[in-house]
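Step one of this worksheet: look at the structure below.
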Amino acid sequence: MKNLRLFVLCACIYGGGYTAAAQTRPVPLNEPDYNKPRLFQAYPEKITINTNSFQHLFSAPVGSLVQANIADGSSFQFAGEVISAASKYNNRIISVVIRSSNFPGACLTVSKLTAENGTVSYTGRIISKEHGDVYVLQEEKGLFSLIKKNYTDIVNE
């Protein structure tokens, strides 16, 4: 009798698990939108950056309007409002986020990193959730450049 009860209990558990609705639902996946409009279509794939031209951005207070010609030999102007500024580890990491007024929906996020030996490096990006292209700040041979990439290469939805 004990074995029969155990068998019926196992059969009920198996049957309940087999017919559960959770087993039949497909896994929800977000397919990226590859047809988003391009925000930086009129600009080149690579823009060399003059790091001195955006130094004033790191000292701008939150809420202030800023404008910078951040590219060498280009008409790439970035203007907007500082929406976030942070400083960590005795100003060894300084970050600023600027909401653009001339590129709708885009934000510039840039960080200045100072190493213990005094060398300075930068990291950042210009990104918009509504558009299919972004600019990523990268160092190449001691020079900093904005490199155009696809939104789906940077962000997983």
Side-chain angles (χ1 to χ4, degrees), residues 17 19-157:
T19 60
Q23 301 295 321
T24 59
R25 281 188 225 147
V27 177
L29 294 176
N30 291 335
E31 185 67 30
D33 183 8
Y34 295 109
N35 297 320
K36 288 183 177 182
R38 302 291 177 176
L39 184 61
F40 306 112
Q41 189 170 357
Y43 295 97
E45 297 292 317
K46 179 180 175 181
I47 300 173
T48 304
I49 297 298
N50 180 358
T51 56
N52 294 328
S53 66
F54 63 81
Q55 290 300 317
H56 69 282
L57 301 178
F58 294 110
S59 60
V62 174
S64 65
L65 299 176
V66 293
Q67 184 170 353
N69 183 12
I70 58 176
D72 283 336
S74 174
S75 62
F76 191 80
Q77 294 278 334
F78 195 89
E81 177 186 1
V82 177
I83 59 172
S84 175
S87 175
K88 297 278 188 175
Y89 310 112
N90 294 329
N91 292 334
R92 297 200 40 214
I93 300 175
I94 303 171
S95 296
V96 64
V97 179
I98 301 167
R99 183 182 300 127
S100 179
S101 59
N102 57 339
F103 297 109
C107 284
L108 166 67
T109 304
V110 64
S111 297
K112 178 181 176 181
L113 312 164
T114 307
E116 288 183 20
N117 62 3
T119 59
V120 177
S121 64
Y122 300 91
T123 184
R125 62 179 60 164
I126 303 173
I127 191 166
S128 171
K129 292 169 91 175
E130 295 88 29
H131 296 90
D133 54 351
V134 301
Y135 270 120
V136 178
L137 184 61
Q138 293 181 342
E139 182 180 8
E140 295 176 341
K141 300 176 186 172
L143 297 174
F144 288 93
S145 301
L146 287 172
I147 308 294
K148 192 185 294 185
K149 296 194 176 196
N150 290 323
Y151 180 83
T152 54
D153 294 341
I154 305 296
V155 178
N156 292 328
E157 295 187 71

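- Within the 3.5 Å criterion, the main-chain N or O of G105 finds a donor-acceptor partner in the side chain of S128.
- Closest non-hydrogen pair, R38 versus H131, comes out as C-CD2, 4.3 Å.
- F40 is linked by a ring pair (Phe, Tyr, Trp, His ring centres under 6.0 Å) to F103, Y135, counting only residues two or more places apart in sequence or in another chain.
- Sequence neighbours left out, not one pair with a member in residues 76-101 passes salt bridge (charged side-chain N to carboxylate O under 4.0 Å, His left out).
- Proximity of L137 to V110: side-chain heavy atoms (C-beta onward) are separated by under 4.5 Å at one or more points.
- The environment of CG in N90 is sparse: at most 12 heavy-atom neighbours from other residues, nucleotides or ligands sit within 6.0 Å.
- From H56, atom NE2 reaches atom OG of S64 across 9.0 Å, with rounding to the nearest 0.5 Å.
- Not a single donor-acceptor pair under 3.5 Å links the side chain of S100 to the backbone N or O of C107.
- For the residue pair T152 and N150, no side-chain donor N or O sits within less than 3.5 Å of a side-chain acceptor on the partner.
- Each of I127, D153, I126 was evaluated against V134; a single residue qualifies, I127, per the side chain to side chain contact (heavy atoms under 4.5 Å, CB included) test.
- For the salt bridge (charged side-chain N to carboxylate O under 4.0 Å, His left out) condition, the pairs that include at least one residue of residues 127-140, sequence neighbours left out, are K46-E140.
- Distance alone, capped at 3.5 Å, is enough to place a donor-acceptor pair between the K148 side chain and the Y43 backbone.
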